[in-house]
Amino acid sequence: SRRSTSTTTRRALGHAPHLIPHRIPHLSPRLPYLDYNQLAELPDGLCALTELRKLGLYHNRVASISEKIGSLTRLNTLALQHNRVVALPAAFAELSALTDLSLSHNKLADAGAIASLSSLRQLGLSHNKLRALPDLDALHDLRSLGVSHNELDSLPVSLLRRPHLASLCASHNKIGPRLPSLAALGSLTALDLQHNLLRTAPRSLLALPSLRQLQLAGNPLPEPEQRGAADGTTSLLQLMASRPLSSEPANQMQVLFLGGPRSGHATLAAAAFAGDTLLSGAPDQRGAARRTRVATYEVVVPPPPPRAAEA
């Protein structure tokens, strides 16, 4: 009955009337929806429903998520899009059964808590404040990823080794020359890199046998590639295939020094790149936890002066 359902709902939500949504279709262990309400946080009582499989909380005002969410170990679908989430708790890593996760339209600046969710197939992180993505090596079965409308200047190499990834949307970012090769994404059928900073279409796209939808509009591409992008995927790929290989001088590279603590990274780097070379960087402290320190340096060599015009 409606009365008994209301009583069950209040008990599940921890006797917090101000948090109880105005409509709950049902509160079964399989499909409770609390979307389109004014929830400001995830009620602790909800986290006690350890048999939950699916949970919809989209279009609320959730800004923080309790560590108690880690008790929902059977949850396979979590919809938290269109909220105000700033950070994910460490307990998020306990949601090992998650296959579908949507966190789009929030305020996330760090998504590191999802790095160990090895069951994920669908992941939505669009419309956040991400400047980088975490290492995604554990996400072996990832099929679809949305990271559009963030502040990314590249994509992690670990993402570009996902054998089952079929759809990748990374439009409206700052992705440019640092984009790694996409050649290993053999299952990719749809790629959206619109409105980034690509100065040429990545030639590695030609190695993608399943690619059917390619969107590159809004990048500072050469005029022929802009026309090809406007004409559609087939036209652009044909244009790229017919374009002869070319090379451009580069005056910047990234160098990694590996070794134990206090092994003289800075001294070695300074000796290896002397003269007018500009050297900047710092050790990556995460390497120290593995008893191996990783130092990354950006090496910028000033381009040679233009040749004087011959008389």
Side-chain angles (χ1 to χ4, degrees), residues 9 12-14 16 19 21 24 26-35 37 39-130 132-147 150 156 158-159 162-169 286:
T9 300
L13 294 180
L19 293 177
I24 299 181
H26 48 78
L27 197 62
S28 74
R30 293 194 57 81
L31 196 63
Y33 286 106
L34 305 177
D35 48 286
N37 284 284
L39 293 174
E41 60 184 7
L42 190 63
D44 289 344
L46 190 61
C47 296
L49 302 176
T50 56
E51 296 298 314
L52 282 180
R53 301 295 196 278
K54 300 182 180 181
L55 177 58
L57 284 164
Y58 49 91
H59 285 279
N60 276 284
R61 299 179 180 179
V62 177
S64 62
I65 300 174
S66 169
E67 291 283 352
K68 294 182 180 180
I69 196 173
S71 65
L72 302 180
T73 55
R74 298 195 177 191
L75 199 65
N76 55 52
T77 300
L78 177 57
L80 274 168
Q81 65 267 36
H82 291 278
N83 276 283
R84 303 174 182 179
V85 180
V86 176
L88 300 175
F92 223 78
E94 302 298 323
L95 305 180
S96 56
L98 269 185
T99 59
D100 296 85
L101 173 61
S102 179
L103 289 163
S104 59
H105 291 272
N106 277 284
K107 300 181 179 181
L108 290 172
D110 183 1
I114 68 170
S116 62
L117 301 180
S118 58
S119 298
L120 275 183
R121 291 189 173 195
Q122 316 284 336
L123 176 58
L125 291 169
S126 297
H127 291 270
N128 277 284
K129 298 182 179 181
L130 299 172
L133 294 178
D135 189 333
L136 300 177
D137 260 334
L139 278 59
H140 307 292
D141 206 26
L142 190 64
R143 309 297 176 93
S144 176
L145 175 64
V147 290
N150 278 284
S158 57
L159 168 65
R162 301 304 89 202
H164 304 298
L165 189 66
S167 175
L168 173 57
C169 180
R286 291 176 298 176

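Throughout, numbering of the chain's residues begins at 1 and tracks the sequence.
For D141 (side chain) and R121 (main-chain N/O), no donor-acceptor pair under 3.5 Å exists by modelled atom type. In this structure a side-chain-to-backbone donor-acceptor pair under 3.5 Å is present from D110 to G112. With hydrogens and angles disregarded, a donor-acceptor distance shorter than 3.5 Å links the side chain of E67 to the backbone of A91. Of the possible donor and acceptor atoms, one in the side chain of N106 sits under 3.5 Å from a partner among the backbone N and O of R84.
Looking at D137 and R162, a side-chain N of the basic residue comes within less than 4.0 Å of a carboxylate O on the acidic one, giving a salt bridge.
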Point to revise | Stepwise side chain to side chain contact (heavy atoms under 4.5 Å, CB included) test for L75 and L98 | key: CA-CA 6 Å; L75 199 65; L98 269 185; 4.3 Å; yes
Practice item. Output, in order, the C-alpha distance, side-chain angles, deciding distance and verdict of side chain to side chain contact (heavy atoms under 4.5 Å, CB included) for L123 and L117. Key: CA-CA 10 Å; L123 176 58; L117 301 180; over 6 Å; no
Exercise for review: Mind running side chain to side chain contact (heavy atoms under 4.5 Å, CB included) on L103 and L88 for me, showing each step along the way?
Suggested key: CA-CA 10 Å; L103 289 163; L88 300 175; 3.9 Å; yes
**Study point:** Check against side chain to side chain contact (heavy atoms under 4.5 Å, CB included), L80 and L42
**Key:** CA-CA 10 Å; L80 274 168; L42 190 63; 5.8 Å; no
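Between L108 and V85 the shortest side-chain heavy-atom distance falls below 4.5 Å. Using a 4.5 Å heavy-atom threshold, the side chains of L159 and L165 count as touching. The side-chain heavy atoms of L46 and L49, taken from C-beta on, include a pair separated by under 4.5 Å.
Partners of R74 according to the side-chain hydrogen bond (donor to acceptor under 3.5 Å, both in side chains) rule, which considers only residues two or more places apart in sequence or in another chain, are E51. Under the side-chain hydrogen bond (donor to acceptor under 3.5 Å, both in side chains) criterion, S158 pairs with D135, sequence neighbours left out. In this structure E94 satisfies the side-chain hydrogen bond (donor to acceptor under 3.5 Å, both in side chains) test with no other residue, sequence neighbours excluded.
We find the NE2-NE2 distance between H164 and H140 to be 10.0 Å, quoted to the nearest 0.5 Å.
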